[in-house]
Structures are given as structure tokens and as C-alpha cells.
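A quick write-up on the structure given underneath.
Since we're looking at a predicted model, the values are computed, not measured.
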Amino acid sequence: MSINTSPKRPVILINGIASNFESQWRRGGWVDSLEAAGRAVIGVDLPGHGASKDAVDRDAADLILDEAAKYGSVDAIGFSAGAWALLLAAGEQPTLFERIAVLGAADMVLTAGLHHEDMQKPLIEGLRSAEEPTDNPMAMMIRMMIADAGNDREAVAGHLASSHRFATVEGLSAIKAATLVIDGGADVAGPSELVSETIPNATRFTIDGADHFDIPSSKRCMEVVEEFINRADS
């Protein structure tokens with residue numbers, strides 16, 4: 001286990017859609033492992049999720065920036081939608097972030113506009129449906145994840161339906177933090193090549209055979225991310 005050399009700098013963890021800090025990071029062992037290395041861990045739930053259930057209309061990046069500003073300098077780890085929110089925050093306020101790790105930030109989300117409301121509409125409708133949307137496997141899976149995490153399905157759907165800022169190529173190029181980009185070799189959304197190539201001080205690591213939702217639960221992912229986050233600053 002790497003030893004933290006910056007005990008005064010906390011680590012912010014940002015979950016993906018349908019999960020929350022408790023279900024994704026604490027239950028997954030990330031919190032205990034980081035704290036065992038001497039790190040102070042702070043959870044930021046996506047709007048409409050967990051402790052941010054009533055912040056449906058807030059921008060996820062603003063929730064991250066609000067927390068980071070309390071400390072002046074933080075490290076951070078985000079998965080999927082949480083990774084994109086972290087990238088946006090780190091591009092808008094680069095001096096607040098020293099080391100960040102983004103998991104499952106696939107290029108297609110950016111290049112194919114998968115985050116746009118019209119692309120999210122079938123999922124939103126599936127979440128809001130009174131009946132199980134058996135013709136929409138993604139909505140079925142997300143509904144199960146929401147229930148498992150103890151989230152409110154309407155609040156999650158409300159967040160997906162709300163308008164918010166999103167990371168851009170220009171914004172990625174403004175990031176100053178040392179960045180680790182983790183993608184899954186079997187992620188249907190594809191790799192994170194553009195993301196890692198655009199961020200000035202980024203390293204990419206691929207988890208072989210991992211689909212999108214396998215990434216944060218991968219033991220190898222946790223090892224690589226913690227070694228990076230706990231590394232002495234050069």
C-alpha cells in the first residue's frame with residue numbers, strides 16, 4: 001500500500017449514474033482502502049443521488065467545485081458521469097485540483113453526444129415508466145442499480161432530464177492536474193483515447209476485459225488508481 005505524502009489534501013469521490021457514495025465507493029472498499037493509506041475521503045453525490053437527492057437542478061461540477069474550494073487543493077476520483085463532472089470542474093478551476101483519476105470517461109460520450117437530452121430520453125422514459133421497461137435493457141439495469149443503492153428513481157431521472165454544462169475538448173486541454181484516465185477494454189462506449197491525449201498531463205490505463213460498469217469494481221483498477229493518487233508530487 002502506498003503511503004500518502006499529502007495528508008492535508010483530501011480525496012473527493014464522485015459516483016456514476018444510479019449509484020452513490022455509499023453504494024459505489026464505501027461498499028466497494030475504496031473508502032476503507034484510501035483511509036488506511038492516511039487519506040481523508042469526501043463523498044460528492046451526483047445531483048438527484050444519495051445526499052444530493054434534492055439538488056436535482058444543480059450542476060454536478062458545481063457540487064464538486066463547492067467542496068474543493070473549502071480546501072483550496074484536492075485530489076479526486078470520478079466514475080462515468082462523475083468522471084465527466086470532475087473533468088469539467090478541473091478544466092474550469094484547474095488550480096483546485098492536484099491529482100485526478102477518471103474512470104469510464106469514454107470518448108463516444110463526448111464525440112457522439114451521448115450526454116445530450118435527446119440521447120438520454122429513452123433512458124429517462126424508462127426510469128419514469130410505471131411498468132418495467134422490458135424492451136430497454138439499459139433502463140432495466142439502471143432501475144435495479146438505483147434500487148440497490150437506495151436512490152430515488154424520479155430524482156435520478158430528473159437529474160438526467162435537467163440541462164447542465166458538459167466537458168469540451170477545449171476544457172480538457174485546460175486541466176493542469178496530473179490525470180489518470182482508466183478505461184475498460186470491453187466498454188461498449190469504447191476507449192478514452194481522445195480524453196487522455198487532450199489532457200496535458202495524462203496517463204491512460206486500460207482494464208483488460210472490463211465492461212463499463214466493471215471498471216470501479218475491478219481490484220486492478222483500485223490498485224492502479226490508489227498508487228497514482230497516493231504518489232508523491234513531483
Side-chain angles (χ1 to χ4, degrees), residues 12-25 28 30 43-53 55-68 76-92 97 100-124 126-127 138-139 141-146 148-149 151-168 171-172 175 179 181-184 187-192 194-195 210-217 221 225:
I12 292 177
L13 303 181
I14 312 99
N15 59 283
I17 289 292
S19 62
N20 53 44
F21 173 72
E22 294 295 328
S23 67
Q24 182 141 77
W25 304 115
W30 288 79
V44 173
D45 287 322
L46 289 177
H49 297 66
S52 300
K53 173 187 174 182
V56 173
D57 294 329
R58 290 290 307 277
D59 197 301
D62 289 333
L63 297 181
I64 297 169
L65 290 171
D66 287 349
E67 201 63 41
I77 303 167
F79 169 61
S80 194
W84 285 109
L86 175 56
L87 289 170
L88 175 61
E92 290 185 343
F97 301 89
I100 64 173
V102 289
L103 288 54
D107 294 340
M108 280 186 63
V109 176
L110 185 64
T111 61
L114 299 185
H115 59 287
H116 291 161
E117 185 177 346
D118 56 341
M119 299 291 283
Q120 296 285 348
K121 187 176 180 180
L123 175 58
I124 295 167
L127 294 184
M138 177 60 71
M141 180 176 65
I142 295 298
R143 283 168 69 118
M144 288 189 292
M145 292 173 62
I146 289 170
D148 179 67
N151 285 324
D152 181 89
R153 186 149 46 91
E154 176 55 36
V156 173
H159 169 59
L160 289 172
S162 65
S163 60
H164 50 267
R165 308 188 308 280
F166 199 79
T168 63
L172 296 181
I175 293 174
T179 304
V181 178
I182 300 279
D183 55 12
D187 192 335
V188 294
S192 303
L194 175 64
V195 171
D211 197 354
H212 186 74
F213 292 104
D214 296 330
I215 297 172
S217 61
C221 176
V225 171

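The two residues I17 and M145 make their nearest non-hydrogen contact at O-CE, 3.9 Å. Between G126 and A139, the shortest heavy-atom contact is CA-CB, 3.9 Å. When every heavy atom of N20 is checked against every heavy atom of N15, the shortest pair comes out as CA-CG, 3.6 Å. The shortest heavy-atom contact between S162 and H159 is OG-O, 2.7 Å. In terms of heavy-atom proximity, V56 sits nearest to A155 at CG2-O, 3.8 Å. Here the closest heavy-atom approach between residue Q24 and residue G16 is recorded as OE1-N, 2.9 Å.
In terms of the ring pair (Phe, Tyr, Trp, His ring centres under 6.0 Å) criterion, residue partners of F166 (sequence neighbours excluded) are, by chain and number, W84, H115. Applying the side-chain contact (heavy atoms from CB on, under 4.5 Å) criterion to M144, with sequence neighbours excluded, gives no partner residue. For H212, the side chain to side chain donor-acceptor pair (under 3.5 Å) criterion is met by S80, D187, not counting sequence neighbours. Listed by chain and number, the residues in a side-chain contact (heavy atoms from CB on, under 4.5 Å) with A61 are D59, L88, A89, R165 (sequence neighbours excluded). Residues passing the side-chain contact (heavy atoms from CB on, under 4.5 Å) test with T168 are E170, sequence neighbours excluded. Not counting sequence neighbours, the partners of D66 by the salt bridge (Lys or Arg N to Asp or Glu O under 4.0 Å) test are R58. D148 pairs by the salt bridge (Lys or Arg N to Asp or Glu O under 4.0 Å) definition with R27, not counting sequence neighbours. Take S52 and apply the side chain to side chain donor-acceptor pair (under 3.5 Å) test, not counting sequence neighbours, and it matches no residue. With sequence neighbours left out, the side-chain contact (heavy atoms from CB on, under 4.5 Å) criterion links S192 to D107, V181, D183, V195.
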Can I get a per-line list of side-chain donor-acceptor pairs under 3.5 Å for residues 43-50, giving both atom names and the distance, sequence neighbours left out?
from: D45; atom 1: OD1; to: F21; atom 2: N; distance (Å): 2.7
from: D45; atom 1: OD2; to: A51; atom 2: N; distance (Å): 2.7
from: H49; atom 1: ND1; to: P47; atom 2: O; distance (Å): 2.9
from: H49; atom 1: NE2; to: A18; atom 2: N; distance (Å): 3.0

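Other residues, nucleotides and ligands contribute more than 12 heavy atoms inside 6.0 Å of the CE atom of M141.
Note: L65 CG to L86 CG = 9.5 Å, rounded to the nearest 0.5 Å. Rounded to the nearest 0.5 Å, atoms CG (D62) and CD (E92) are 7.0 Å apart. Note that the NZ atom of K121 and the CG atom of L160 stand 14.5 Å from one another [nearest 0.5 Å].
Taking the side chain as every heavy atom from C-beta outward, L127 and V156 approach each other to under 4.5 Å. The side-chain heavy atoms of F97 and I175, taken from C-beta on, include no pair separated by under 4.5 Å. With contacts defined as side-chain heavy-atom distances shorter than 4.5 Å, the pair N151/K53 does not qualify.
Classification of the W30-W25 ring pair by plane angle, with boundaries at 30° and 60°, yields perpendicular.
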* To do: Could you check I182 against I215 for side chain to side chain contact (heavy atoms under 4.5 Å, CB included), going step by step and ending with a plain yes or no?
  => CA-CA 8 Å; I182 300 279; I215 297 172; 3.8 Å; yes
* Using the side chain to side chain contact (heavy atoms under 4.5 Å, CB included) rule, take I77 and I12 through it: C-alpha gap first, then chi angles, then the decisive distance, then the call. => CA-CA 6 Å; I77 303 167; I12 292 177; over 6 Å; no
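Within the structure, every pair that satisfies the salt bridge (Lys or Arg N to Asp or Glu O under 4.0 Å) test and touches residues 153-164, not counting sequence neighbours, is listed here: R128-E154.
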